[in-house]
Amino acid sequence: FMEKLTLDTAQEILQKHTTEEHLFTHAAAVSAAMGAMARHFGEDEEHWRAVGYLHDVDYEAYPDEHCHHVREFLEPEGVPEADILAIISHGYGITTEEREPLTPLEKSLFTVDELTGIIQAYALMRPEKMEGMAVKSLKKKFKDKRFAAKCNREIIKRGFSMLGMEPGEVMQFCIEGMQEHHDELGL
């Protein structure tokens with residue numbers, strides 16, 4: 001088993017199981033947001049980014065059984081058990097009941113997964129993309145159910161309360177993380 005999942009390894013592993021461009025962009029967005037959340041919690045930024053990058057490893061192969069095949073993809077790669085559980089936990093109450101998000105990393109992943117989708121959709125609408133994006137404006141988009149309708153607000157709200165954080169605070173971290181990596185995200 002590897003001592004710690006690195007971002008490089010996460011990227012190598014995802015490439016074996018994923019071909020769709022939008023899934024790589026989503027992986028990078030979640031990874032960027034997770035880095036900012038790690039900073040907030042005083043945790044290992046690269047490690048959180050690596051877990052975020054790999055969170056949808058089984059999605060393309062098993063869209064209808066998402067999170068049920070994480071272990072069979074990651075165990076042979078030597079990914080630590082805690083990281084496998086963390087990735088499975090982001091489907092809690094959605095696609096699986098196997099593991100509830102318990103750690104700050106797990107709760108963050110659960111929350112930012114859908115939230116980054118709303119931020120990405122909003123950035124694509126703005127001429128200046130990620131630059132200068134304000135939480136206040138993002139909150140308006142969040143309230144508008146028709147905007148980025150596929151992003152499940154209930155899941156995100158569940159995540160906010162799991163984290164015990166203000167929505168605006170989590171939004172701010174996600175915006176900051178995604179701004180830092182805007183090139184990679186094409187935003």
Side-chain angles (χ1 to χ4, degrees), residues 1-38 40-41 43-120 150-163 170 173-174 177-178 181 184-185:
F1 270 90
M2 60 182 84
E3 232 160 87
K4 156 183 142 168
L5 180 66
T6 64
L7 193 51
D8 285 344
T9 306
Q11 289 169 336
E12 278 168 32
I13 295 171
L14 191 67
Q15 271 173 340
K16 296 181 189 176
H17 305 288
T18 302
T19 60
E20 293 171 40
E21 201 50 53
H22 72 101
L23 292 175
F24 286 109
T25 307
H26 175 62
V30 170
S31 175
M34 285 297 284
M37 292 299 286
H40 165 72
F41 284 105
E43 297 278 354
D44 180 338
E45 209 171 315
E46 202 216 4
H47 176 237
W48 283 40
R49 288 197 60 207
V51 172
Y53 195 85
L54 209 44
H55 79 287
D56 276 349
V57 66
D58 71 349
Y59 185 78
E60 187 174 314
Y62 298 102
D64 300 327
E65 298 168 23
H66 180 37
C67 295
H68 291 260
H69 298 269
V70 172
R71 185 175 297 284
E72 72 198 53
F73 285 179
L74 299 187
E75 221 165 45
E77 299 280 359
V79 173
E81 176 66 12
D83 296 340
I84 293 175
L85 288 174
I87 288 170
I88 292 169
S89 79
H90 89 273
Y92 184 72
I94 310 157
T95 60
T96 173
E97 300 297 327
E98 188 178 331
R99 179 174 173 92
E100 188 176 350
L102 300 171
T103 66
L105 182 151
E106 291 170 344
K107 293 171 183 177
S108 296
L109 181 60
F110 182 91
T111 310
V112 308
D113 183 17
E114 296 281 312
L115 183 53
T116 56
I118 297 178
I119 296 172
Q120 194 178 349
K150 286 199 306 249
C151 299
N152 189 325
R153 269 71 170 171
E154 290 317 304
I155 291 172
I156 300 169
K157 287 177 186 166
R158 210 184 309 164
F160 292 150
S161 67
M162 266 182 205
L163 283 164
V170 182
F173 292 131
C174 288
M178 288 172 70
H181 298 279
E184 194 185 344
L185 300 174

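Residue numbers count from 1 along this sequence.
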Problem set entry | Glu114 side chain to Ile156 backbone, donor-acceptor under 3.5 Å | no

Problem set entry | side-chain contact (heavy atoms from CB on, under 4.5 Å) evaluation trace for Met34 with Leu105 | CA-CA 8 Å; Met34 285 297 284; Leu105 182 151; 4.0 Å; yes

Problem set entry | Set of ring-ring contact (aromatic ring centres under 6.0 Å, His included) partners for Phe110, sequence neighbours left out | none

Exercise. Are the side chains of Phe41 and Ser108 in touch, meaning some heavy atoms are under 4.5 Å apart?
Worked result: yes

Problem set entry | Closest non-hydrogen atom pair between Glu97 and Gly93, with its separation | OE2-CA, 3.5 Å

Determine all donor-acceptor pairs shorter than 3.5 Å in which one atom belongs to a side chain in residues 9-17; sequence neighbours excluded.
| residue | atom | partner | partner atom | Å |
| --- | --- | --- | --- | --- |
| Thr9 | OG1 | Thr6 | OG1 | 2.8 |
| Lys16 | NZ | Glu77 | OE1 | 3.3 |
| Lys16 | NZ | Glu77 | OE2 | 2.8 |

Problem set entry | Test salt bridge (charged side-chain N to carboxylate O under 4.0 Å, His left out) applied to Glu21 - qualifying residues, sequence neighbours left out | none

Problem set entry | Carboxylate-amine/guanidinium contact Glu81 Arg71, below 4.0 Å | yes

Exercise. What pairs of residues pass the side chain to side chain donor-acceptor pair (under 3.5 Å) test when at least one of them lies in residues 83-96, not counting sequence neighbours?
Worked result: His47-Asp83, Asp56-His90, His66-His90

Exercise. What distance separates Ile88 CD1 from His69 NE2, expressed to the nearest 0.5 Å?
Worked result: 11.0 Å

Exercise. Are any non-hydrogen side-chain atoms of Phe73 and Leu54 less than 4.5 angstrom apart?
Worked result: no

Exercise. Which heavy atom of Val170 sits nearest a heavy atom of Phe160, and at what distance?
Worked result: CB-CE2, 3.6 Å

Seminar exercise, completed: Residues Cys174 and Ile119: closest non-hydrogen pair is CB-CD1, 3.4 Å

For this session: Ignoring hydrogens and angles, tell me if any N or O in the side chain of Glu184 forms a donor-acceptor pair with the backbone of Ala28 under 3.5 Å.
Result: no

Exercise. Nearest 0.5 Å, what's the NE2-CG distance between His55 and Leu109?
Worked result: 6.0 Å

Problem set entry | Those residues that, when tested against Glu106, pass salt bridge (charged side-chain N to carboxylate O under 4.0 Å, His left out) (two or more places apart) | Arg99

Problem set entry | Thr18 side chain reached by Val57 side chain, heavy atoms, under 4.5 Å | no

Exercise. Less than 4.5 Å apart, any side-chain heavy atom of Gln120 and any of Leu185?
Worked result: no

Exercise. With side chains defined as the heavy atoms from C-beta onward, is the minimum distance between Met37 and Thr111 less than 4.5 Å?
Worked result: no

Problem set entry | By salt bridge (charged side-chain N to carboxylate O under 4.0 Å, His left out) - contacts of Lys4 (at least two apart) | Asp44, Glu46

Problem set entry | Closest approach of Arg158 to Ser161 (non-hydrogen atoms, all atoms of both residues) | O-OG, 3.1 Å

Problem set entry | Student check: side-chain heavy atoms of Tyr53 and Leu5 closer than 4.5 Å | no

For this session: Applying side-chain contact (heavy atoms from CB on, under 4.5 Å), run through Glu43 and Trp48 and close with a yes or a no.
Result: CA-CA 8 Å; Glu43 297 278 354; Trp48 283 40; 3.5 Å; yes

Problem set entry | For the student: nearest non-hydrogen atoms of Leu163 and Pro104, plus distance | CD2-O, 4.2 Å

Exercise. Which value, rounded to the nearest 0.5 Å, describes the distance between Ile155 atom CD1 and Leu115 atom CG?
Worked result: 12.0 Å

Exercise. Do Pro101 and Met162 touch side chain to side chain, with heavy atoms closer than 4.5 Å?
Worked result: yes

